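Just below is one structure, and these are the notes that go with it.
Predicted model, so just to flag it, every value in this text is computed and none were measured.
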Amino acid sequence: YPFGAPVYNNINGCTRNTYSSFIIVRSMDVHLYEIGVNNEFSLMNLCGKKLCVNHLNSYSGCISLKNKIFHELNQINNKEIDLNSSDDIRLFFNPDVTITGSHRESIRHVKEKVNNVDVAAIDCITYQLILKYAPEELNGITCIGKTSEALIPPFVTRREYVEKEGLYSILCDAFENTLSCNLGDAFKSISDMYELRNALDALYIKEFQIINPEDYKKTFSKLNIVAKHIKFYLWKEKNILHDTKANNNNTNNDDIKKGT
């Protein structure tokens, strides 16, 4: 259950309340997506390319990119995608999608062409941290666009904790005081305070803000509906379909043998 969120400082792609993801490809392939001489790119040229995602349920690594492609398709098609129709599904990327487990691994997959992957979406916060602390990992990587902004990732806790009387305000006060380094007597020395502030600065965290959980519920509910209309299949789904067909064929053959 979301109860608050960090405010990030000086991260490209972030505002006080929102963040976005960078769409990355290999620099050596960037010409495949160019549509002019002014570093302009067309995401439609990603059609048929192999995608990797950190997780299927990740907004920044999967749903945000689906949402971006959804709006791009609606702009170039005469007929907009019908959100009310479960049958109006568009297959955009290569059907074979790789799950990497993390944004950092997604960058490596694109850079080293693991499983012939071409593209990934990396949240701007992770991208900035890698750029600062491991910039060599971004060598050979180019950003050709970014996804639409969404609400900043929140701090979450168990719903029962929030519903308990007084605990919600205690949580918010604790996080606000911690992220603003306003812990008073909790610091044993001034050096402890500086150590915490340096740690927060290293993560680009400026302060804490209280959020409205209903805003997150409404926003991500709508985004999930949109994402369902941009379809791709995983290897395991492909194998399941293959196994199902094989089983059906075997059943049919058995029926034929039995004369049914």
Short side-chain to backbone donor-acceptor contact, [X] and [Y], under 3.5 Å:
| X | Y | answer |
| --- | --- | --- |
| T157 | Y1 | no |
| N177 | D173 | yes |
| T147 | S21 | yes |
| N54 | T100 | no |
| N94 | D96 | yes |
| K50 | V97 | no |

For E195, does the CD atom sit with more than 12 other heavy atoms under 6.0 Å from it, leaving out its own atoms?
no
Contacts of type salt bridge (Lys or Arg N to Asp or Glu O under 4.0 Å), residue [X], not counting sequence neighbours:
| X | answer |
| --- | --- |
| E112 | R108 |
| D201 | R197 |
| R104 | E137 |

Residues that [X] engages under side chain to side chain contact (heavy atoms under 4.5 Å, CB included), provided they are two or more places apart:
| X | result |
| --- | --- |
| L196 | T178, C181, L183, F187, L200 |
| N10 | none |
| V156 | P2, P154 |

Test side chain to side chain contact (heavy atoms under 4.5 Å, CB included) applied to N67 and S148, step by step
CA-CA 8 Å; N67 185 56; S148 303; 4.1 Å; yes
[Y] reachable from [X] in the ILVMFWY side-chain graph, under 4.5 Å edges:
| X | Y | value |
| --- | --- | --- |
| L129 | Y59 | yes |
| I11 | L131 | no |
| Y216 | V7 | no |
| I24 | V114 | no |
| I205 | I211 | yes |

Could you check if a side-chain atom of [X] sits within less than 4.5 angstrom of a side-chain atom of [Y], using non-hydrogen atoms only?
| X | Y | result |
| --- | --- | --- |
| T142 | V30 | yes |
| I125 | C14 | yes |
| I152 | Y8 | yes |
| F3 | I210 | no |
| I35 | F41 | no |
| V110 | V119 | no |
| F208 | C172 | yes |
| L46 | L43 | yes |

Pick one: which of I107, I130, I23 meets side chain to side chain contact (heavy atoms under 4.5 Å, CB included) with I122?
I107
May I ask you to list the residues sharing a hydrophobic cluster with M28, side-chain cutoff 4.5 Å, ordered by chain and number?
none
Could you walk me through whether L51 and L65 pass the side chain to side chain contact (heavy atoms under 4.5 Å, CB included) check?
CA-CA 10 Å; L51 171 70; L65 184 55; 3.5 Å; yes
Gap separating the [atom1] atom of [X] from the [atom2] atom of [Y], nearest 0.5 angstrom:
| X | Y | atom1 | atom2 | value |
| --- | --- | --- | --- | --- |
| H55 | S60 | NE2 | OG | 11.5 Å |
| Q128 | C124 | CD | SG | 8.5 Å |
| E34 | D29 | CD | CG | 11.0 Å |

Summary of salt bridge (Lys or Arg N to Asp or Glu O under 4.0 Å) pairs that have at least one residue in [range], sequence neighbours excluded:
| range | answer |
| --- | --- |
| residues 204-214 | R16-E207 |
| residues 144-159 | R158-E160 |
| residues 113-132 | R26-D118 |

Decide yes or no on side chain to side chain donor-acceptor pair (under 3.5 Å) for T98 and H109, but give the supporting numbers first.
CA-CA 9 Å; T98 299; H109 272 62; 5.7 Å; no
Evaluation steps, side chain to side chain contact (heavy atoms under 4.5 Å, CB included), between I69 and F93
CA-CA 10 Å; I69 295 301; F93 294 101; 4.0 Å; yes
What pairs of residues pass the ring-ring contact (aromatic ring centres under 6.0 Å, His included) test when at least one of them lies in residues 113-148, not counting sequence neighbours?
F22-Y127
The ring-ring contact (aromatic ring centres under 6.0 Å, His included) partners of F155 (sequence neighbours excluded) come to F175
Heavy-atom closest pair, residues A120 and S106
CB-CB, 4.1 Å
